[in-house]
Amino acid sequence: MSRQVLPLFDNLHRGVFLCLTSAASSLSHVRQAHAHILKAGIIDHTALSSKLISLYVNHQCFPEAQLILHSIPEPSLFSFSTLIYALTRSNLLALSLSVFSQMLSYGVLPDSRIIPSVIKACGGLSALEAGKQVHGIVFTSGLDSDDCVGASLVNMYVKCDEIRDAHKVFDRLPQRDVVSCSALLSAYARKGRVDVTMKLFNEMKDFGVEPNIITWNGVISGFNHSRDYIEAVVMFQRMHSEGYYPDDTTFSSVLSAVGDLKELKIGIQVHCCLIKQGLGQERYVRSALVDMYGKCACTLELTRAFDEIDEKDIGACNAVITGLCRNGLIYNALKAFEQFRDKGMELNVVTWTSIVAGCTQNGRDIQALQLFREMQSAGLKPNSVTIPCLLPACGNIAALMHGKAAHCFALRTGIADDFFVGSALIDMYAKCGRIHMSRLCFDKMPTKNLVCWNAIMGGYAMHGKTKEAKEIFDLMQRAGHEPDLISFCCMLSACSQGGLVEEGWSFFNSMTKEHRIEAKMEHYASMVNLLGRAGKLEEAYALINQMPFEPDACVWGALLGSCRLHNNVSLGEIAAEKLFKLEPENPGNYVLLSNIYASKARWSEVNAVRDIMISRGLKKNPGCSWIEVKNKVHMLLAGDKSHAEMPQILEKLNELSMEMKKAGYCPETDFVLQDVEEQDKEQMLGEHSEKLAVALGLLNTPAGTPLQVIKNLRICRDCHAFMKFISRIEGREIFVRDTNRFHHFKDGACSCGDFW
DNA sequence: GTAGGGTTAG
């Protein structure tokens with residue numbers, strides 16, 4: 001090429017041109033060439049200045065490129081095109097559009113070659129209005145007969161979520177080619193419109209269009225996007241049987257779908273298939289394999305797939321961190337994360353977000369907050385994914401200040417309206433005891449999806465605001481959202497909180513009959529909880545027996561908890577027996593049963609439960625020691641009422657409570673109180689109450705001040721009784737949140753009544 | 001001296 005061009009230039013031009021052609025490798029060459037051009041006064045040479053613009057843009061030097069453009073006396077369509085094209089390709093879409101509008105203001109009219117880049121920028125920005133204006137220009141200047149322009153218009157409307165307009169443009173295209181078909185097909189698949197997608201796919205042959213690899217990939221990844229993983233795998237199989245060869249993109253997509261289906265067998269088949277095709281070393285494929293094995297809970301294969309990668313890129317590192325976290329191997333994930341950091345790898349937002357999310361999901365809330373801070377000091381900006389990963393950590397430990405800071409960040413960066421961010425904010429404020437702030441966030445959201453409605457409903461349920469929860473439930477339906485599984489969980493929890501047995505039943509029944517949602521395990525557990533709490537233990541047990549599938553530990557746990565509440569021995573024994581089989585290593589179940597026996601002063605049975613724990617190797621578990629201490633105190637109280645041993649027992653208590661809290665349990669408190677007359681309790685605890693409270697780690701502020709104790713602990717009935725007691729004798733208000741609800745104690749009473 | 005469609009975190 002250069003042989004043809006070079007004779008056109010004189011010596012100076014020739015030097016400049018050579019400089020330009022070799023400039024692709026280095027910015028300093030571009031600068032030299034620029035200097036030559038300025039010196040020679042040939043800036044208005046279209047070919048040279050355009051080349052210079054494109055080279056500056058390739059080196060990400062956009063101000064220089066724009067400067068050159070504006071220094072040309074009469075910039076040509078070609079000069080503008082070069083910059084617009086390069087800006088769009090570099091994903092600087094807003095800048096690309098602004099250069100386009102500058103071009104129009106210079107009176108330069110676009111041709112069909114530059115329009116696709118402009119339209120692509122509109123689509124990428126989801127700038128529908130701008131897109132429509134460009135469409136207008138296209139229409140009036142008669143450029144709409146161009147295939148390329150048409151296909152990009154289809155895609156622009158797709159990106160702006162205007163699939164009807166996309167289809168209209170598609171229908172009016174003089175000729176539908178594989179590109180326009182692919183754009184529309186992937187859009188329908190992304191929307192989860194399986195029927196339309198398949199119809200259009202089958203019609204393509206009538207248009208004389210043969211699908212290519214991008215068509216297949218678009219449909220498969222589209223189904224992935226709409227979480228229709230089965231359709232994605234089906235399309236992959238169809239592609240295979242119709243004789244098309246998948247490429248690395250196809251494999252990455254299908255592996256992701258297989259992972260979400262947790263279909264390990266298919267995953268292994270796909271793995272074999274891609275090895276056969278020699279794509280085993282492709283970058284995206286390797287990460288996708290790590291991801292798939294992680295989703296299928298194959299941690300060994302996951303590590304192996306990762307270890308086999310020669311050049312571990314950022315995608316692979318992110319996949320391995322996510323995979324380890326997903327399978328509860330947070331320790332290994334943190335270790336891997338540290339190694340990547342030590343090696344000086346350039347970690348990106350995804351890496352940091354993944355590790356923060358991993359900590360949150362694995363109960364390391366404080367560490368999540370710390371890592372979030374480190375991420376910011378490493379100079380990385382959180383995004384609309386990072387914030388909703390961090391917020392649950394703030395909620396779990398009631399770190400209101402951190403939550404508020406994240407909220408401010410979201411407002412500053414304009415991501416507060418995002419569905420994920422908004423619903424996470426609603427949940428965080430609810431968990432921090434600021435339900436009015438939850439409502440504020442909810443009301444401020446311009447558009448709300450089902451998750452947002454469920455979040456505020458769950459917040460009200462958590463705070464025992466049954467009336468408000470019901471109002472939201474009705475409003476949501478009037479806004480056109482069908483309640484889902486989670487909506488009903490929230491409503492059942494709200495009813496349980498308010499002791500509304502009848503209404504609970506009515507929600508439970510309408511769920512299956514009117515909304516055609518099959519009751520899942522968590523609904524049965526909620527219902528058992530609701531009935532049990534209200535003292536209808538037999539009814540709860542009858543419901544369990546009617547369940548269409550085997551009840552799990554949550555269901556039996558709800559029954560056992562209720563039996564403890566009402567001290568029902570016979571049903572408690574039945575529930576405990578099931579639980580001892582289902583989760584033999586959960587000390588909480590043994591403790592609950594032992595408490596039921598203790599309430600009836602059946603000490604030999606209390607000891608028998610302790611013996612079962614010992615025989616199952618739970619001797620070192622704090623729960624076992626707990627039963628032991630409890631028994632001892634009871635013996636003490638039954639005989640000698642001078643309580644001379646109280647200080648020593650408190651010390652033992654302190655020790656045990658530390659251990660139990662580490663295990664995630666809220667230590668019980670009122671074993672010293674139950675079966676003792678009211679006035680005795682006061683006398684007995686008078687001097688010890690503060691010490692006991694501190695020992696339990698629940699109260700650590702001076703007496704008399706109102707206090708908010710929000711911990712992710714499992715508050716049991718005994719704790720509840722103790723809190724009521726403390727609120728009366730110390731005359732202070734106490735706010736406590738356990739794993740799912742709020743309790744407000746004042747003057748010896750609790751806002752959620754005697755259901756505890 | 002230039003176009004448009006498909007791959008990872010919640």
Side-chain angles (χ1 to χ4, degrees), chain A residues 1 5 46-51 53-54 76-86 88-89 111-120 123 146-156 158-159 173 177-187 189-190 211-222 224-225 246-256 259 282-288 290-292 294 313-319 321-323 325-326 348-358 360-361 383-392 418-421 423-424 451:
Chain A
M1 172 200 72
V5 179
T46 310
L48 284 182
S49 53
S50 296
K51 179 73 187 172
I53 289 172
S54 112
S76 65
L77 169 62
F78 181 71
S79 311
F80 276 108
S81 297
T82 311
L83 184 56
I84 292 170
Y85 166 69
T88 302
R89 203 179 45 179
D111 65 359
S112 68
R113 285 175 297 191
I114 191 55
I115 285 292
S117 285
V118 179
I119 297 178
K120 191 183 176 186
D146 184 277
D147 280 353
C148 205
V149 172
S152 51
L153 275 171
V154 171
N155 198 39
M156 183 273 289
V158 162
K159 290 267 158 68
L173 287 178
D177 66 357
V178 66
V179 178
S180 49
C181 284
S182 304
L184 198 57
L185 272 171
S186 102
R190 282 172 92 91
N212 65 12
I213 184 74
I214 292 177
T215 323
W216 289 102
N217 290 349
V219 174
I220 292 171
S221 77
N224 255 354
H225 199 258
D247 68 358
D248 51 338
T249 305
T250 329
F251 279 118
S252 316
S253 292
V254 80
L255 282 171
S256 162
E282 290 294 326
R283 213 175 118 214
Y284 280 113
V285 174
R286 307 243 50 158
S287 310
V290 173
D291 184 61
M292 184 273 290
D313 65 331
I314 187 75
C317 295
N318 294 346
I321 287 181
T322 317
C325 291
R326 200 194 293 277
N348 63 14
V349 197
V350 180
T351 331
W352 285 93
T353 303
S354 305
I355 196 75
V356 168
T360 313
Q361 288 152 9
N383 63 17
S384 61
V385 181
T386 321
I387 298 298
C389 287
L390 175 79
L391 287 171
D418 180 278
F419 290 143
F420 285 105
V421 176
S423 47
V451 182

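Within every chain, numbering begins at 1; the chains are lettered A, B, ... in the order of the sequence lines, protein sequences first and strands thereafter. Being a predicted model, the structure only gives us computed values, none of them experimental.
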What is the distance, to the nearest angstrom, from the CG atom on A:L173 to the C1' atom on B:dG4?
11 Å
In the structure I gave you, are the side-chain heavy atoms of A:V118 and A:I84 within less than 4.5 Å of one another anywhere?
yes
For A:R89, give me all partners under side chain to side chain contact (heavy atoms under 4.5 Å, CB included), at least two apart in sequence or on another chain.
A:N58, A:Y85
Can you list the residues that meet the side chain to side chain contact (heavy atoms under 4.5 Å, CB included) rule with A:R326, with sequence neighbours excluded?
A:D291, A:K295, A:T322
Under the side chain to side chain donor-acceptor pair (under 3.5 Å) test, which residues partner A:T88, sequence neighbours left out?
A:S96
Counting only distance, no hydrogens or angles, is the base of B:dG4 paired donor-acceptor with the side chain of A:D146 under 3.5 Å?
no
Return the set of residues passing side chain to side chain contact (heavy atoms under 4.5 Å, CB included) with A:N318 (not counting sequence neighbours), or none when no residue passes.
A:I314, A:N348, A:V350, A:T351
Could you run through nucleotides 5-10 of chain B and give me one letter per nucleotide, 5' to 3': B if any protein heavy atom sits under 4.0 Å from the base, S if only the sugar-phosphate is that close, - if neither?
BBB-BB
d(CZ, A:F78; C1', B:dT2) in whole Å
6 Å
Measure CG/A:L77 against P/B:dA3 and give the value in whole Å, please.
14 Å
Starting at atom CD1 of A:I84, determine the distance to atom P of B:dG1, rounded to an integer number of angstrom.
19 Å
Contacts of type side chain to side chain contact (heavy atoms under 4.5 Å, CB included), residue A:Y284, not counting sequence neighbours:
A:S252
